[in-house]
Every structure is written in structure tokens, then in C-alpha cells.
2 protein chains.
Amino acid sequence: MAGTATDLQTLKDLATRIRIHSVESTTLAGSGHPTTSSSIADILSVLFFRTMRYKVSAPRDPSSDRFVLSKGHAAPALYGAWVENGVVAAADLKKLRQLGCDLEGHPTPRLNFIDVGTGSLGQGLAVAAGMAYLGKYIEEAPYRVYCLIGDGESAEGSIWESVNFASHYGLDNLVLILDANRLGQTQPTMVGHQIDIYKRRLEAFDFNTIAVDGHDIGALVQAFDAAASVKGRPTAIIAKTYKGRDFPDIEDKENWHGKPLGGETEKILKHLKGLIRNQGKLKYNIPPPLAEVAPVSINNVRLSSPPNYKQGQMMATRAAYGNALVKLAETNPRVVALDGDMSNSTFSEAMKKFGPKNFIECFIAEQNLVGVAMGISCRDRTIAFVSTFAAFFTRAFDQIRMAAISQSNINICGSHCGVSIGEDGPSQMALEDLAMFRSVPGSTVFYPSDVVSVERAVELAANTKGITFIRTARAPTAVVYPNDQVFEVGKALVPISSNKDQALIIAAGITLHESLIAAKDMAKAGIHVRVMDPFTIKPIDKQGIINNAHQAGNRILVVEDHYPEGGIGEAVLSALAEERNIIVKHVAIPRVPRSGRPADLLNYYKIDAKNIVNHVDELLKK
Amino acid sequence: MAGTATDLQTLKDLATRIRIHSVESTTLAGSGHPTTSSSIADILSVLFFRTMRYKVSAPRDPSSDRFVLSKGHAAPALYGAWVENGVVAAADLKKLRQLGCDLEGHPTPRLNFIDVGTGSLGQGLAVAAGMAYLGKYIEEAPYRVYCLIGDGESAEGSIWESVNFASHYGLDNLVLILDANRLGQTQPTMVGHQIDIYKRRLEAFDFNTIAVDGHDIGALVQAFDAAASVKGRPTAIIAKTYKGRDFPDIEDKENWHGKPLGGETEKILKHLKGLIRNQGKLKYNIPPPLAEVAPVSINNVRLSSPPNYKQGQMMATRAAYGNALVKLAETNPRVVALDGDMSNSTFSEAMKKFGPKNFIECFIAEQNLVGVAMGISCRDRTIAFVSTFAAFFTRAFDQIRMAAISQSNINICGSHCGVSIGEDGPSQMALEDLAMFRSVPGSTVFYPSDVVSVERAVELAANTKGITFIRTARAPTAVVYPNDQVFEVGKALVPISSNKDQALIIAAGITLHESLIAAKDMAKAGIHVRVMDPFTIKPIDKQGIINNAHQAGNRILVVEDHYPEGGIGEAVLSALAEERNIIVKHVAIPRVPRSGRPADLLNYYKIDAKNIVNHVDELLKK
């Protein structure tokens, strides 16, 4: 039951208290963004103490309205709001930005009231759009989503990807608040206080727009109320604000970005305290969620049936991805695939056919694609699988980086890796994807080499926390493993071995297949080499590599369809860092490749079976 | 002197011939995008045979109008246009997409009429905007820039970053052509043929807009003429087109994306040939440039004066970046810095003060930032240096990847690396930047450890082809080297060594300084360790590492303020891949870090001097 709505003067006082928290905490910390915090204090006060329906007792309850502070550097204001509603202890805020205090410089989900980390600008709206999509289309629940962005960050293209997405899907449960405080870090923003320009742009993307004085509590209350009644499209509230609002001699002035107030602190605090009308504990009412959202389980997700292929059958690894997703979705309806207009190439289209709640078309906008996946997977509501060409995930590296900081559990599948895609040429070839995904903290990187492995990689990914990446290939290759093969994260397989092995080849994907051919050819000539399929490149099977290398002449050849840096070769070398005596010959794609037939390119870049034989010959001389 | 403008029927026939080339070449290749080529054929005909002023004899002449095909998959049509104007041999087009033929699946600058590689969507407009900025503000030349984008790719946020940039700078020499052919790869685009929506959106960003039937030659001619007379803002020509235009039974149909026409080829070619009115050699007139643009030299750029610091003086490496840029600009006015509203943090602001032609403010839009740098550096017209926080270059990884494919010479400086930035927390800490930039083919990665090194790194970068990256740090550290120290790419320095060294520490930036302290402390206790500063992480000084390791007990400790993957540690391990007996202990940041004071964080993540002593102790036991 909602009680009496918090009155306007109380909201104003709460806003002032948020300002006071922002000033005090940043001055104590000796760094931070008090002026940026001040411009949004009134907005936060209205949102957190009048508009938003949420459970203070359970900040991540799935029934509650969501809030994303895209302009993460205004964290002190957000923390101040959560001090005022009692979730954060005021004493903790005095340790802002100190090691061990979860009130970090920019918000992270170490705090139980933060869904995703922010601080790299322009990313929050995609997450919020994902949350809103989840609420409207998957959960069909009445919670609403609020996302506060800065005016400076509205120059980020990612914002416009998300605006487009939100508009296309008519996300009327989403409210974008644009804090137009006029000033960037080094100078005024491009648009400054020309609120009409923002309005016109957002209207052109079919948003309902409301221009408002962002320091007028009554106007803000009305704007949020009005937004709630709009159907069929999202609302943007464009708030004209002042950076350093209510900080005499600082308000609306340049050169105050990201600086604590230092010697000005005392004067400003005195002024702010003088603005408060109701002293002591303020009486406010936070309305509860409109409806309870049922719990869901996203754990222990399994394939509905085991892989069903024939060893030797030719099939591209990418082609098994869709099969595996459908099998997961058959056992758990919360498995959701997202794609960027590539679903017939990545094979996520199988999920599009499976069910309307199991596929989100995100069009050609990879940053928003990844952000939406983060949004739908927040609060453990779905198991998200995102796909496009592996090369194009470079477009979303910053989002992926922030997803790791956000403790997101999202699964990413990149198809069309390496020169083996052939004719389309270098722009479409992923040759740095392993380097990128390996560098993501806590990530798990799968590089399955046949369709049986792909199905198990997808299943394992669904049950693995953090960012997972699955690298699939365009070209058909032979099925290597029986359908009952067991796969584990961090456990390599050894499809060819003997007790006479003179070298160990480590390869995955297309180069595993070329290595198998090479090994068989060499065996006929009496040269025995062992072949290892690492299955996961991170974690890599360190002990497996060392043991097998010891049994195979302490010589390793790594052959990969990837640039030399950061891929399988360096993963193997890292595993061997403290080992003496094992040498590694590493063959990779040494420069920007060209278009050509796949077989021609494998040969030209010396990663086909014939060249592998030569590489082994050279290695055996060392 | 311009002759008589090419008549409309000839332009129509040229368009049809472009379609014929597209169909023939993709059918022969067995892959490619003929339908996507067909939708733009009329636009290309008008541009290349009536509107654009360029020298057929010198496709990259700096005086000529520029054209960027952002929708790179329509390459066959572009190649067809260059066949028709005589630059490409028709016989070569029959080898489309084959290894050895420079007519690749997507355009690359292996062709002398291509400025930048395209094929990753949404990137061309930033490059074109850079070219237009160069023409209008730096060269003050009358050439014009044309950029053709697809409707599907207009969902990429990067397009809107560039639209915003072009509008803000009033680039009236820029014409954006939007090929609204309605169909994406898997389905219709979000906007379809609702041309008014595109018009409204682009007008909201203050473009002059012209909606046109993209297959009406006369209307296209008029539209381009009209665009040329608009002052103070860029023009967008929104062309309503049909995918597969003039391909009976295929035009405007789904499921024809990226497919050669196969069995339909003969029928379509017959139909197309029937459309041509003027048989034989067509008479056209390509107008010459309005003015000759003077040559410039961007080679052998030097600092105007040597570094001028004191050994031991405390100064952040980032602080020397601006000094070095100004010294370069003093000797070559074509040195241009670009920043994303961070110039007072990266110190590129020194260039802003140096001169209006030497600095481009790109606001908070890192994808466009990198694209504009590519644009201004095309045809060797400027030496571009791009800066923001190193972490935020992850936002532009796809652009950087494409810059390498584009053979761009751009220099990138990322400040605020590692946990040593302290309180701002993980979202602002670059900990994967070395992994990212090392994976860029042909890149050079500088990690200067003091201000003297920074100045020389900047100078070397300016004279190094390809993508260079310079990693700078936030915190002040001591000047290590004398002002006359010589630095070379791929040449490590050894600031501490003795003939009793038991181990070699390799470190850079903050960890070099911690290592120097640790080594001095250990020396007092009689344990001698050598300290190496690699200076460039790519190329890494392989022989220097091996030699020094041999002289220091064959034990190496690598300590870095970076995630474990893809950084200094793996660069060192790669150098040692084929070496027996040398072991490496590698210490890096193992997980997403937290906010905290820099010194607290260095200690917490075990990369400070005290911990380095412990790491060496452990290493010596191995």
C-alpha cells in the first residue's frame, strides 16, 4: 500500500541533503565529482523518494523499479540518496573511494543497490533498455526503468543506438533523464543549454519528450507522473540543470569538473544547510512495487538431449550454436538469444523460430546489443547469449570490459573467426578476438573444434559465471568427438597420441583439423606427433599441456588462425612460464590478411596441414 | 577545365554497366553482394561521372574530391565504377575476391583509389568527417567529401557520433548519402522505406537534408548540385532505393543479401544489357579539381628541442605528452592532436593552446575520434595524435582494427593506465590496453616510464608507420633518464645492473619505479637484481631480454599494472618461446580491481616495491 506521497519541501530538503553528502564525502576523499553530483540531486530526490516503486529492504528485488546512473561519476549523489533511504550508513560514506569501502569512485555492483557498473560514459541506457525490454516483453511485469545520463555523454553513439532500440520496441516503461548541466570536463558541451535541440533529436527518434527545470521539484514530479501514463513509446525528460547547483560562486562555472571543493567546502556546506527547511529525520514515503515478480531459476541449465552428430560428418561449428541454444531453452525458458542482424550467419536464428520471448533482434548496433544482454541478465532473470561475427565484438569491447566490472553473466558467441572465412576479407575476419576476450577479467574462453564440442561449450557457458566467449567458424569441418564425449572447462582433449610422440601440436578450430591431417600424414612417415585440442583457451589446461609436452619431446607447436598476440600461443606460453626445457614454436597470422579462397589462405599464411608438417620438421631440429 | 557534363542517359547506362560488373564479378567469385551493389549503382554513376571532381590519373591526389564507401560490402559496384573510368582493368574484376587480386571482398587501400578499408559498418562517416574537417579548416581547400552509408548501418551509434561532429563543425563540404534500400541481412531495417524518419532525424542534428529517388539520375544530379551550394552545414541525401534494383524477381525481395545470383545470372545480365541505350564506349566528362592542393611533408618530424628535465624530478608521464606534441608541431605544422573532452587530463591541451589548426576537439565520442584521426591522416596530409584515457580506447577497438586494415598512420596516446590511477576505480583504469594494442597488426606499442622517454616515444611514433600506441600514467614518478638518452623502437634499457645479478626484473611505468626501489633495497641486502625497461612492448627487445636473462640467473620477474593476458608478461614469454632454461614469474592484476589510494592499491595487488622483493625471493627459490 502506498502511503501519502512525499511532499515537495521534503523532497527539496532531501535533495539538499544529497548535495551535502556529495560535498562532504568528496572533500574527505580528496577527489570525486561534487558539482556533477549537485546537478542531479533534485532528480534523484524525486526518483528515490516519490516516483520509484522499490523495496528498501531488498534493493535488488526483481519486482522493483530499476535505476541506472549512466553518468557514473555522479556516484556521490547516488550514494547520498541511499544514505537517506537508510540502506547505506552515513559513516561508510565518509570512507568514499578508500580501499575496502564498496562506495567506489564510480558505482559497481559490489553494492547491493547497483545493478551494473558505470563510469565509462554512454553505456547505461543500453542496460536500462534491456531491463525495460525484459519487463515489457519477457516478464510482462509493471516495474519501470529509469536511466539518468549526462549531456556530455549524449555525444556517445551508443546512446543513440539505445535510443533507437528503445523507440523501435516502444519501451514505454523506460524513462531517460538527460541531465543537461551544460558543462563537460574541459569546456561547455556542444549543445549547452539549448534544451530544444535535445528535444528535437529525441522526438525524431519517436520518444515522448518533456523539457523541465531540473531543479524544480514540482515540475520533476509532474514530469515523471506524465511519463508513467504514456503508452507505446519511451519518455525522455530533458532536465535543464546547473553543474554545482546551490554551490555559491561555483554553480555553472567552468573548471570545476571532477574536483572536490577543498577550501570552499565549509562555506558551501553552511550555505546548503541553510537551505534545509525541515530539520531532523525527514518523513518520506517510498511506494512499493505494483506487483510481485515471481522468482526464476537460471542455474543448472542443461541441453534437452545430447549432441546427435556422426563422427566424420562435415558441419560448421557455428551451425551447432543454434541447436544448442534451442536445447537449452527447451529445459529453461529464460534462455534468451540476442543478435545484431546476423542470426542467419551465426545460427542464432534457431531461437528466433523457437519463441518470441527467446530472441531479441538488436539490429546492427553491437554496443547496444551487449548492453541489452547485460540488462536482461541483471538480477539473474535470464541467461543471455549474444551473437554476431566475432570481429564485430571489437565494437563492444568497452561494454564487455564494463560487463566484467558489472559482474554480468553474459555469454557471447562470435562466428566467422580467422582467415578461414575466406573471400570476405580482413574486415570480417576475427583475428584479435581471443586476445580481447582473454583480457577480460574472470572470463572463460571456449574455442570448440567441432559441433559436439560446441553444444557442450554452450551448455557449460550457460552455467559459468562471468563473461564467456565461444568462438565459432564459418567453414564446415569434420565431427571429431563422439556424442558422449565429456567436456570440462580448463580440460584439454588429445585426439591423437602415441607413446612415440616427438612433439605436441596445440591447435583449435580449423587449425586443429589441419593438424589432425598433418599428424596422420606424418605418422605414415614414422614421425609421431601428439595433437591437443585445448577446448578452453582461458582457463587453459596448464597441467595437461605440461604433462603432454613432457611425453612428446618437450616440443610444442602452436598453430592458430589468429594474430600472434594474445591468442592460443600466448596462453600456452603463460602456462609454461615457470617450466624449463619446453620450447614452443608459434605459428599465427602475422599481418593483415587478404581475401581469397579459404584453402588458399590457410596455405598462404602457412597454417594448413602441409605447412604444419614443415613446422614440425623445423621444430624437431631445435 | 570542365567540359560538357555527362548527360543523364549516359549516366543511366553507366549505372547499368556498374550493375553488370557487380553481377558478373560476384557470380564468378561465387560470393559477394550483388543486390547491395545494385541499390547504389545510380548514385555511384552520378558521383563518379558527373559530380565528383577528381583526377583519374592520380586517384589519391590531395586536390581531388574524396569518396568513402562506408557500406563496404557494396564493393563490386565501386570496383565497377573504377572499371568504367578506366583505372581498374575489366579483366581484374573477373578475379574479384581471389588471393592475389587487390579487388577484395571489401575495399582496402591495397587499391590506389581507396583511402580506407571499410566493411565493418558505421565507420566510414567518421573518416569522411575527418577528411572534410581537414579540407575546411586545416587545408582550406575546395575539395568535397562524399560518404555513402547503408540504411542498416545507420543503426550504428558511430554514425550518429559523426553526424553530431559534422554538424557541430558545420562541415558544408561533406555530403552523406544514405542508401535506404529497406532490407538488412536477415530482415527489413527498423525504418524501412520511411524516408521521412531519416530526414527528421538528420534535420534534428542540423543537417541540410534532401530526399530523393535513388534510381532517378536527374534527381540525383540535382541533389548533389544543391548540396554544393549549401553553406555552414553538411548535407544528407536520403536516397530511396531498392536492393537488387533492375534484377527482375529479385529486386526488393528478402533473402538475397550477400548472395551471388548463381543460376539467375544469365537472365539478369540479359535484362540489364537490354536496358543500355548507348552501346560501345560511353562519352563522359569527369570534372577536374577546383584547385591544386600543395604537397606537404609528414616525414622526418623532430622535436624542436631535446627533453629538458632533471633526473629524480617528479612528473607524471602524461604531463610530458603535450610538451612533446608542441615541440613536434613547432617543426611541422601538420602535427594535429585530437581529444575527446579529456585534454586537460591527457595534456593534449597544450596543442589546443598552440594553434587552432593543431587541435580538434571531438567531445565524448571515441569511435568518431579515432575515425576523424584516420580521415585527417589519409593521403599523408597530417600526423595525427589521438588521446583520451587509455581505458576508453576500448570503445574504438573496431575502428582501430579497421585503421590497421586501412594502413592508417595514426598515433594514439592513452593516459590513466592501471590501478595506479587510484580512487576513480576500475571503470577508469586501463588494464587491457596493452593486450588490445599489441593485437593490432603492425602496431608499435610504447610504454615510456619517464618524461624523457615520453618525449622520445612521441617523436618516434610520429615517424613510425602504422598504428602506434603510447601508454601514459596519471601519477607523478621520478625522471629516470638523462635528457640525452637515446631511445629506439624495440630496444630495452637497463637502468640497474651488476655482474652479480641473480634475476632480471622487467617492468614499465609505475612498476619500473617500484622495481628500481626494490632492486636498490635488495642490493643493500646483498641480493643483486637487474632491472629492464622495455620501452616498447611491441616490438619487444627479444635479444636484449635473452642476453640479460642469461646474465641474471636465467630468472625473470615481470611485474605490470595490467591484467595478466596480453601485456608485458606475454610479450616477454613470446620472446622466450624457443628458449630453454629461462623461467618467468609473472605478476599482474589478477581480477577487477577496486577504488583506493594508489599506494594502497599497488600494495594490495602486490606490485609495489615491498611485494617485488618477495616475488624475487620466491623466484630465486625456483
Side-chain angles (χ1 to χ4, degrees), chain A residues 31 97 99 104-106 117 119-121 152-153 155-158 160-161 164 168 184-186 190 200-201 204 341 343-344 363-365 367 394-395 397-398 401 404-405 423-428 432 435 438-439 441 563 565-566 570 573 577-578 580-581 583-584 586 591-592 595-596 600 604, chain B residues 31 97 99 104-106 117 119-121 152-153 155-158 160-161 164 168 184-186 190 200-201 204 341 343-344 363-365 367 394-395 397-398 401 404-405 423-428 432 435 438-439 441 563 565-566 570 573 577-578 580-581 583-584 586 591-592 595-596 600 604:
Chain A
S31 66
R97 294 176 155 243
L99 181 57
E104 298 193 78
H106 294 75
S120 181
L121 293 173
E153 79 173 301
E156 291 281 14
S158 49
W160 298 92
E161 291 184 5
N164 201 8
H168 180 74
Q185 172 168 326
T186 63
M190 282 184 268
R200 209 160 60 227
R201 289 180 183 179
D341 194 24
S343 59
N344 56 354
F363 300 91
I364 308 173
Q367 298 185 81
T394 53
R395 197 62 152 267
F397 190 18
D398 200 13
R401 181 179 80 88
I405 292 171
E423 292 84 353
D424 271 346
S427 66
Q428 319 291 302
E432 57 292 285
R438 281 185 67 239
S439 78
Y563 288 133
E565 299 83 8
E570 294 194 350
L573 287 163
E578 301 192 14
R580 290 186 173 88
N581 291 322
I583 58 168
V584 177
H586 181 203
R591 58 188 173 278
V592 174
S595 288
D600 290 350
Y604 187 73
Chain B
S31 66
R97 295 177 155 241
L99 181 58
E104 299 194 79
H106 294 75
S120 181
L121 293 172
E153 78 174 302
E156 290 283 14
S158 49
W160 298 92
E161 291 183 6
N164 201 9
H168 181 73
Q185 171 168 325
T186 64
M190 282 183 269
R200 208 159 61 227
R201 290 180 184 179
D341 193 27
S343 59
N344 56 354
F363 300 92
I364 308 173
Q367 298 185 82
T394 54
R395 197 61 153 265
F397 190 18
D398 199 15
R401 182 178 78 88
I405 292 171
E423 293 83 353
D424 270 345
S427 65
Q428 319 292 300
E432 57 291 288
R438 282 185 67 239
S439 78
Y563 288 135
E565 298 83 7
E570 293 195 350
L573 287 163
E578 301 192 12
R580 291 185 173 87
N581 291 323
I583 58 168
V584 178
H586 182 203
R591 59 188 174 278
V592 174
S595 288
D600 291 349
Y604 187 74

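In what follows, chains are A, B, ... by sequence order, proteins preceding strands, each numbered from 1.
- The minimum heavy-atom distance between B/Y563 and B/V592, with the atom names listed, is OH-CA, 3.8 Å.
- What you find for A/T394 and B/F397 is that their closest heavy atoms are O-CB, 3.4 Å.
- Side-chain contact check for B/T186 versus A/F363: every heavy-atom pair is 4.5 Å or farther apart.
- With chain A as the partner, the residue from B/A155, B/G117, B/S439, B/S595 showing the most heavy-atom pairs under 4.5 Å is B/S595.
- Contact annotation for B/Q367: only side-chain heavy atoms (C-beta onward) come within less than 4.5 Å of a heavy atom of chain A.
- With respect to chain B, the highest number of heavy-atom pairs below 4.5 Å among A/G425, A/P426, A/G566, A/G184 belongs to A/P426.
- When A/Q428, A/R401, A/H586, A/E153 are compared by the number of non-hydrogen pairs under 4.5 Å with chain B, A/R401 comes out ahead.
- Per-residue counts of heavy-atom pairs under 4.5 Å with chain B were compared for A/R200, A/R438, A/E432; the largest is that of A/R438.
- Among the candidates A/I364, A/D600, A/N164, A/L573, the residue making the largest number of heavy-atom pairs closer than 4.5 Å to chain B is A/I364.
- The CD atom of A/E104 lies 9.0 Å from the CD1 atom of A/I405; values are rounded to the nearest 0.5 Å.
- Counting heavy-atom pairs closer than 4.5 Å to chain B, the top-ranked of the candidates A/R201, A/R591, A/R580 is A/R201.
- Looking at B/S343, the atoms closer than 4.5 Å to chain A (heavy atoms on both sides) sit in the backbone and in the side chain alike.
- The structure places CH2 of A/W160 at 8.5 Å from CH2 of B/W160, a figure rounded to the nearest 0.5 Å.
- When heavy atoms are compared at a cutoff of 4.5 Å, A/S120 approaches chain B by way of both its backbone and its side chain.
- No donor-acceptor distance shorter than 3.5 angstrom exists from the side chain of B/D424 to the backbone of A/G105, with no hydrogens or angles considered.
- Interface remark: of the candidates B/E161, B/R395, B/E565, B/R395 forms the most heavy-atom pairs closer than 4.5 Å to chain A.
- Ranked by non-hydrogen atom pairs under 4.5 Å with chain B, the options A/R97, A/H168, A/E578, A/E423 are led by A/R97.
- How far CG of B/L121 is from CG of B/D398: 9.5 Å, rounded to the nearest 0.5 Å.
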